[in-house]
Amino acid sequence: MTHEMLEAIRSKVEKETGKHQYGNALFWADKAVSLGGGDPKDIFTFVNILYLRGEYRRAVYFIQTNRLQITFYGAYLIAKCQAARGDWNEAKETLELLPEPSPLAPPPITSDGVMTEQELMSSVYLLKGTVYQALDNHQFAAQCFKLALKEDPYCVEAYENLVYNHYYTGKCEGEIISDTIDNSEDLTSEEAELIRFLYSGMSKKYHNQQKQIVPNSLTCFNNNVTVLTSQAERLYYNCRFNSSYETCLRALKIDPYHFPTLLVHIGCLYELGKKNDLFILGHKLVELYPKAYISWYAVGIYYSLIKKWESARQCLSKSTSLNKLFAAGWLAYGHAFAAEGENDQALATYFTASRLLKGCHLPLLYIGLQYGSTNNPLLAEKFFKEAISLAPNDPFVLAEMGALYTQTGKWEYALSYLQQALSKVKEGEHEWAATTWSPLYINLGQVYRIAKQYDQAIKCFKHAQFLACDSSTVYTGLGFVYALQGNAILAVEYCHKALDKERQDPFTIQLLEMSLTALAGSGDKSDEEEIEPEEREEIKCTPTVF
């Protein structure tokens, strides 16, 4: 046979592979091996097709019978097949014994030319990271993913693993992006701009909650699913749930089964109370993807929304078993315990999440909230501080620290943290017309009231009233401040409004009686010191989240 015939067969193999007709491709790849006299390139092409067909043991056998396991690429393919079979320990041993890269049997020729050594090394590090991750060696896994990205900045799987599995904080993720781009000599300025834009959009949103600006040269990505998902996630963290929901719908119209988009979409459906939509989505996902973590997460969130906590825990437990590093699943699982007062189980779940998700501050935040709810302020403070160390710009954590110090009577610390939280909220373009931030203003108003800054306290309670107009706590707070100012008329008015919402509140009743007495001219309780200390607990420190 002539060389032209061999090249024709090789071309046919490539075309059949491109058409996903792997049976045809495998048949002619076998013939190319014979025509080429056992050329390693043809053997590797044959083995790659076996891998695509899921015939992993057969692929390993052909590598070994042709003594290509002594080559770098051959050993890599063996490890790849072992990992695909779930034989993680065997894959780990193979990767640890990889030979040095050698030109004896180079990788097969791709449609764009020969695979570079850097691209191959990136693939090896990516596989190593996947194997170590499956074996729960997350420290080594993170290092391997970083090396994969260093070898090939286009290796988005490595960066996705670093981000979605929360190996590093938001600040570290930004440094990884910069190091990857700055240390790559092969990237053009346009490529660097594109990679920086896309990877920055995927990184943690609570680290930098300001809107990401699309460069003029990249406006063609305005309707890209990845970019839309990034925008939706940022809107979600800024409590702009309606805007996030609309952005998710745009992305899902393009790709209805894009898991990262679905994750944000499920959160929006929960926050907006869309029970029917969430039920339909969960049912559809379980039907189409019964072994996907996102499917059982959607069902678990639906049960959480309708407050069927036991069913929610069952589904969320299955979701986390399918993906052990699924942060949202672990947090929702812990919430399902906490909602029924099962503090020990909730703490155990949050601690598991904090152990697995080293770069995520949310498990630490919820551990602190659990300890705070069980009257253990010292441990609550400890975990809040750890959460702040990981995410110093997250207003939720700052607000919770302020609420804790309000509860423990450390007014100066409380005022400082609450003011920082309010500043971050304003910086991050958060949605103001939402009840999410009313507790922040309530707590801030309480601290200003204790500091005798009554005008500031009234402003805060008024803003809380705007955000949560039906709150008896806000009305009582306003009534208390007006009573301290000696304005008995307004004090009585707001006490009546508070009692309309909560008729049996003992403090409001006592405050009303005192204000009526003052109004009748028989006494004036304008000094806070005249009210007994134990009576100051009318405005409970209110958690912002949870």
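Note that the numbering runs from 1 along the sequence shown for the chain.
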Show me the donor-acceptor pairs within less than 3.5 Å that the side chains of residues 300-314 make with the rest of the protein, sequence neighbours left out.
unit_1: S304; atom_1: OG; unit_2: G300; atom_2: O; d: 3.0
unit_1: R313; atom_1: NH1; unit_2: A336; atom_2: O; d: 2.9
unit_1: R313; atom_1: NH1; unit_2: E340; atom_2: OE1; d: 3.1
unit_1: R313; atom_1: NH2; unit_2: E340; atom_2: OE1; d: 3.1

Requested in this report: Only counting residues at least two apart or in another chain, list the ones meeting ring-ring contact (aromatic ring centres under 6.0 Å, His included) with Y371.
Outcome: F383
Requested in this report: Mind jotting down which residue pairs meet the side chain to side chain donor-acceptor pair (under 3.5 Å) criterion with at least one end in residues 285-295? Sequence neighbours excluded, please.
Outcome: none
**Report entry** Partners passing ring-ring contact (aromatic ring centres under 6.0 Å, His included) against H361 (at least two apart in sequence or in another chain)
**Finding:** Y206
Report task. Output yes when E246 and R250 qualify as a salt bridge under the 4.0 Å nitrogen-oxygen rule, no when they do not. Result -> no
Query raised in the report: For E493, what residues pass the salt bridge (Lys or Arg N to Asp or Glu O under 4.0 Å) criterion, not counting sequence neighbours?
Result: K497
Query raised in the report: What is the minimum heavy-atom distance between Y482 and L490, and which atoms define it?
Result: CE2-CD1, 3.6 Å
**Report entry** Pairs where residues 251-263 contributes a residue and the test salt bridge (charged side-chain N to carboxylate O under 4.0 Å, His left out) is met, not counting sequence neighbours
**Finding:** none
Report task. Name all residues meeting the salt bridge (Lys or Arg N to Asp or Glu O under 4.0 Å) criterion together with K385; count only those two or more places apart in sequence or in a different chain, and write none if there are none. Result -> E381
**Report entry** Partners meeting ring-ring contact (aromatic ring centres under 6.0 Å, His included) with Y168 (sequence neighbours left out)
**Finding:** none
Report summary line: Taken in chain and number order and not counting sequence neighbours, the residues that satisfy ring-ring contact (aromatic ring centres under 6.0 Å, His included) with Y333 are F337
Requested in this report: Kindly state each residue pair satisfying salt bridge (charged side-chain N to carboxylate O under 4.0 Å, His left out) with at least one member in residues 157-166, sequence neighbours excluded.
Outcome: none
Report task. Would you please name every residue forming a salt bridge (Lys or Arg N to Asp or Glu O under 4.0 Å) with D179, sequence neighbours left out? Result -> none
In residues 266-285, what donor-acceptor pairs under 3.5 Å come from side-chain atoms, sequence neighbours left out?
none

Report summary line: The single option from N224, T247, T261 that satisfies side chain to side chain donor-acceptor pair (under 3.5 Å) with T229 is T261
